[in-house]
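Atoms within a ligand are numbered from 1 in the order they appear, just like the ligands themselves. Heads up: numbering here begins at 1 and tracks the sequence. Here the structure is a predicted model, which means the values were calculated and not measured.
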Amino acid sequence: MVAAKKGTCRICGDAITAFMSFGRMPIANGFLTEADLASEYFYELTPAFCAGCAAFQLIDPPPPQHLFHDRYPFFTSTSQLMVDHFSAFATSIAGHIADQRDPLVVEIGSNDGTMLEQLRRLGVRSVGVEPSRNVAEVARARGAETVDAFFDRDTAHRVRDSYGPAAAIVAANAICHIPDFNDLAAAVRQLLAPDGRFIFEDPYLGDMLRQNSYDQIYDEHVFMWSATAVARALDRHGLALIDVEAQPTHGGSMRYVCAHAGRAMPSSGVGALLERESRFGLTAPSTFDGFRLACEASAADFRSLLVSLAQHGKRVVGYAATSKSTTVLNYCDINPSLIECIVDSTPMKQGLLTPGSHIPVKSPEYFATDPPDYAVLFAWNHAREIFEKEQAFTRGGGKWISFVPALAILD
Ligand code: DWN
């Protein structure tokens, strides 16, 4: 038996031990050509839970520079649902700062400028910070002011010097990507105006456990946050969690509204959620033993279904080459003999191979012109939008396979 990986909690510095290993993993968004195969990068994907501060985190993920660079292939605007979500999020942010004169909003991890564009439409002064140059360029082409950088204390200093203090610092699906939360919190404290708001949302640990969506665990998601962990981590830096709001995006996310400690009263929703998390086991290490068993069972069931379909001569295609699918494909040891290709609407991914599993990525046109018997819904979080687009496949007798919350074949 291999010894469980050990590490140090990124928040409080306590010793932590991985509760499971997903084994050798490639970079989740490391799509590659045949020529890249020999130099493909792998690391061991090992999640751990810190009993001291309740932070769910990865031990030794790859350095951020390996993940976010000038060929990052995820663009927020690929989903209409997300564009609509960001429009509503921008309106909510504008509401938080409505009483301030010419307020500045800084977005961390602003990707292709989807949210910045919405803020601009509302007349809100905004600037994004984005380390992946190619997506930052797309944002700038849309007129969204963007600084090419990782968000840290140095960047916060530069932004404050150039634009002044921020009335709001916001982020969607980005804070969980930042390995040094303590540096991030110090940077937020430095840039945020005294009555400013730090508002971020990330996939929620409680939803991941509830529906066993273990595919949320991959290199970019260094943390899976709960309100308990956020409150404890902020407390170390003179910041406080003052409100929470559940979101339906990415299979269940949580929006956290934070402020300088002592500047605003926490809502009753914060206390209620902290209490629910304790009852649901989000503060207890033993919860993750059950989760590990559920992951193992889910992976075994999914693989044996694909093996059985292949034995019966059925054609199976994957739908959406998501970051999440990298965990599933590699953990379940799936290769092109089980899934012949994955269709995805992102031109930058088409023509490449999926990380680790080396399944060809094709355009969704292939799906329409040469429909398979089964399609695995890797973007289960976009199910409604995808089913709507692919009605012809379903009408023609094609079947969808989903593995979240449990393995199911949908007619
Ligand atoms: O945090 C992150 C979230 C927000 O987005 C990142 N770490 C990266 C990314 O994760 P993901 O790749 O798992 O995201 P999605 O949004 O579940 O999947 C996006 C992929 O799905 C894109 O490659 C586009 C594709 N897609 C498609 O082919 N047809 C998506 C939709 C909606 C479609 O209709």
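Note that R292 lies outside the cation-pi zone of F19, set by a 6.0 Å cut-off to the ring centre and a 45° limit from the axis.
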Report each N/O pair between ligand 1 and the protein that falls under 3.5 Å, naming both atoms.
{"from": "ligand 1", "atom 1": "1 (O)", "to": "H177", "atom 2": "NE2", "distance (Å)": "3.2"}
{"from": "ligand 1", "atom 1": "1 (O)", "to": "H221", "atom 2": "NE2", "distance (Å)": "3.3"}
{"from": "ligand 1", "atom 1": "7 (N)", "to": "H177", "atom 2": "NE2", "distance (Å)": "3.2"}
{"from": "ligand 1", "atom 1": "7 (N)", "to": "Y218", "atom 2": "OH", "distance (Å)": "2.9"}
{"from": "ligand 1", "atom 1": "7 (N)", "to": "E220", "atom 2": "OE1", "distance (Å)": "2.4"}
{"from": "ligand 1", "atom 1": "10 (O)", "to": "Y218", "atom 2": "OH", "distance (Å)": "3.4"}
{"from": "ligand 1", "atom 1": "10 (O)", "to": "S323", "atom 2": "OG", "distance (Å)": "3.1"}
{"from": "ligand 1", "atom 1": "12 (O)", "to": "S323", "atom 2": "N", "distance (Å)": "2.8"}
{"from": "ligand 1", "atom 1": "12 (O)", "to": "S323", "atom 2": "OG", "distance (Å)": "2.8"}
{"from": "ligand 1", "atom 1": "13 (O)", "to": "S323", "atom 2": "N", "distance (Å)": "3.3"}
{"from": "ligand 1", "atom 1": "13 (O)", "to": "K324", "atom 2": "NZ", "distance (Å)": "2.8"}
{"from": "ligand 1", "atom 1": "16 (O)", "to": "H382", "atom 2": "NE2", "distance (Å)": "2.7"}
{"from": "ligand 1", "atom 1": "17 (O)", "to": "K324", "atom 2": "NZ", "distance (Å)": "2.5"}
{"from": "ligand 1", "atom 1": "17 (O)", "to": "N381", "atom 2": "OD1", "distance (Å)": "3.3"}
{"from": "ligand 1", "atom 1": "17 (O)", "to": "N381", "atom 2": "ND2", "distance (Å)": "2.9"}
{"from": "ligand 1", "atom 1": "23 (O)", "to": "D344", "atom 2": "OD1", "distance (Å)": "2.9"}
{"from": "ligand 1", "atom 1": "23 (O)", "to": "D344", "atom 2": "OD2", "distance (Å)": "2.7"}
{"from": "ligand 1", "atom 1": "23 (O)", "to": "T346", "atom 2": "OG1", "distance (Å)": "3.2"}
{"from": "ligand 1", "atom 1": "23 (O)", "to": "K349", "atom 2": "NZ", "distance (Å)": "2.6"}
{"from": "ligand 1", "atom 1": "28 (O)", "to": "S345", "atom 2": "N", "distance (Å)": "2.8"}
{"from": "ligand 1", "atom 1": "28 (O)", "to": "S345", "atom 2": "OG", "distance (Å)": "3.3"}
{"from": "ligand 1", "atom 1": "34 (O)", "to": "K389", "atom 2": "NZ", "distance (Å)": "2.4"}

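For S253, the side-chain contact (heavy atoms from CB on, under 4.5 Å) test picks out Q247, T249, H250, with sequence neighbours left out. Applying the side-chain hydrogen bond (donor to acceptor under 3.5 Å, both in side chains) criterion to S213, with sequence neighbours excluded, gives no partner residue. Judged as a side-chain hydrogen bond (donor to acceptor under 3.5 Å, both in side chains), and not counting sequence neighbours, R160 has no contacts.
Below 30°, between 30° and 60°, or above 60°: for Y256 and F200 the angle between ring planes is between 30° and 60°, a tilted geometry.
We find that R153 and D180 are not joined by a salt bridge, their nearest charged nitrogen and carboxylate oxygen being 4.0 Å or further apart.
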